[in-house]
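Here's the structure we're looking at; comments come further down.
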There are 2 protein chains.
Amino acid sequence: MIDDTAARAQVVGAADRLFYACGVQAVGMDAVRTEAGVSLKRIYRLFPSKDDLIVAVLERRREVWDAGIAATAERAATPREKLLAVFDFLDAWFREPDFRGCAFINFYGELSGGSEEVRRTVREQKEAFGAYVARLVDEAGAPASLAPQISILAEGAQTTAAIANTPDAAAHARAAAEALLADALD
Amino acid sequence: MIDDTAARAQVVGAADRLFYACGVQAVGMDAVRTEAGVSLKRIYRLFPSKDDLIVAVLERRREVWDAGIAATAERAATPREKLLAVFDFLDAWFREPDFRGCAFINFYGELSGGSEEVRRTVREQKEAFGAYVARLVDEAGAPASLAPQISILAEGAQTTAAIANTPDAAAHARAAAEALLADALD
DNA sequence: TACTCTAGAGAACGATCGTTCTCACCGCAA
DNA sequence: TTGCGGTGAGAACGATCGTTCTCTAGAGTA
């Protein structure tokens with residue numbers, strides 16, 4: 001038998017795959033149990049309700065996102081390049097075969113009529129990303145008003161890529177960000 | 001008794017309000033029947049399945065969107081102003097008290113794992129909007145590469161406004177579009 | 001060996017879903 | 001008046017949901 005930490009990771013990973021691919025409400029807890037190989041009883045000991053599991057999935061997504069953004073930024077030298085690297089990160093993500101849009105946006109659209117905790121978790125993630133962009137904009141010496149514009153480009157690229165089903169949106173958004181940065185920096 | 005045309009409009013209107021406010025899967029057909037004041041039997045004669053009703057809701061949303069965009073554009077003189085008017089239209093929409101994001105994006109995130117017809121309807125709407133923007137960009141004498149950038153700004157503004165729960169995103173996106181247009185037109 | 005405790009497998013529960021069916025009732029031709 | 005086709009109201013159906021309960025088997029301890 002595996003320990004609770006490993007079981008937790010398996011359950012969250014399985015739920016992430018299923019929820020992201022099929023939508024949250026379309027996936028039953030039985031399907032999570034089968035995919036995770038962890039008994040229902042144990043799932044409910046680790047996560048008292050499905051809502052708790054959804055939040056855990058979003059929190060794991062956030063960690064993966066933050067780590068990916070950080071890794072991409074590390075390969076860039078200047079704040080300006082770190083900002084543009086966000087769009088390279090998106091480009092690589094859009095090309096993954098199972099890309100299906102931003103899970104935060106998808107879950108929010110599906111569940112914001114219900115669980116308050118899901119709403120809050122999604123909002124916190126988007127605020128954190130906005131703050132990250134704002135910090136880089138400041139470090140690049142550009143006016144603060146540029147930050148929400150770049151965040152909106154990143155946001156729009158994600159939904160556009162998901163619906164149009166092509167990765168082109170990343171390049172388009174990057175080009176727009178470059179132009180806005182060039183405008184602001186001279 | 002009302003005729004089929006009026007009953008259809010009532011059902012689609014009721015379903016639109018409920019689906020948009022609560023999410024599609026969270027709303028049962030019984031709730032639609034109560035809100036619309038039309039019997040289940042008649043609903044199922046007008047719409048053979050819930051999927052058909054969802055598509056009808058999206059088609060009505062598209063008509064309302066197109067009419068709103070057209071009305072806003074009419075008040076603008078030049079292609080450039082018509083492009084920027086899109087963001088004024090968004091601004092007014094974001095300020096409506098029951099604004100909850102773009103229904104197409106929300107439905108897509110919730111249902112794209114399922115109904116193929118919903119996927120197609122959403123994709124068509126976004127393509128049509130992209131084509132509208134592309135036409136205006138062309139008429140404004142700007143390079144075609146600007147069109148997807150402006151579309152992405154509009155898309156991103158919608159999700160950002162929904163999640164952050166403020167209408168500011170419209171003004172930010174408009175400012176970015178203005179800068180990109182100014183860049184492209186000289 | 002005998003007892004206790006815990007875990008897993010999955011049946012069971014009540015609620016709710018999309019959809020269909022029943023049935024009393026209406027306007028209208030003969 | 002009598003019969004009939006179609007209506008609305010809502011009960012009913014089978015499936016599935018999130019969640020809990022039962023039962024069995026095995027590990028650890030005296």
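Quick caveat: nothing in here was measured; it's all calculated off a predicted structure. In the text below, chain A, chain B and the rest are named by the order of the sequence lines, each starting its count at 1. Side-chain atoms are counted along with the backbone in the values below, which use heavy atoms only and exclude waters and symmetry mates.
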### Message
Is the ring pair F94(B)/F99(B) parallel, tilted or perpendicular, if the boundaries are 30 and 60 degrees?
### Response
tilted

### Task
Please report the shortest heavy-atom distance between R62(A) and F104(A), naming the atom on each side.
N-CZ, 3.7 Å

### Message
Looking at every heavy atom in both A177(B) and L84(B), which two are closest together, and how far apart are they?
### Response
CB-CD2, 4.0 Å

### Cationic tip of R61(A) above Y20(A) ring, under 6.0 Å, 45° of axis
yes

#### Entry: Minimum-distance nucleotide to K50(A) side chain [options: dG18(D), dT7(D), dG18(C)]
dG18(D)

### Query
Out of dT19(C), dG8(C), dG8(D), which has the shortest distance to the side chain of S39(B)?
dG8(D)

Between [X] ([atom1]) and [N] ([atom2]), how many Å, whole number?
| X | N | atom1 | atom2 | answer |
| --- | --- | --- | --- | --- |
| R45(A) | dC5(C) | CZ | P | 17 Å |
| D51(A) | dC17(D) | CG | C1' | 14 Å |
| I43(A) | dC17(D) | CD1 | P | 14 Å |
| Y44(A) | dC13(C) | OH | C1' | 13 Å |

### Summary
Residues in residues 25-34 of chain B with a heavy atom under 4.0 Å of DNA chain C, by number, are V27(B), G28(B), M29(B)

### Query
Are the side chains of R174(A) and L90(A) in touch, meaning some heavy atoms are under 4.5 Å apart?
no

### Query
Does D52(B) use its side chain to pair, donor to acceptor, with the backbone of S49(B) at less than 3.5 Å?
yes

#### Entry: Salt bridge E116(B)-R119(B), side-chain N to carboxylate O under 4.0 Å
yes

### Message
Could you check whether E139(B) pairs with K82(B) (Lys NZ or Arg NE/NH1/NH2 to Asp/Glu carboxylate O, under 4.0 Å)?
### Response
no

So which protein N/O to nucleotides 21-26 of chain D N/O distances come out below 3.5 Å?
none

#### Entry: Side-chain N or O of R42(B) closer than 4.0 Å to phosphate OP1/OP2 of dT7(D)
no

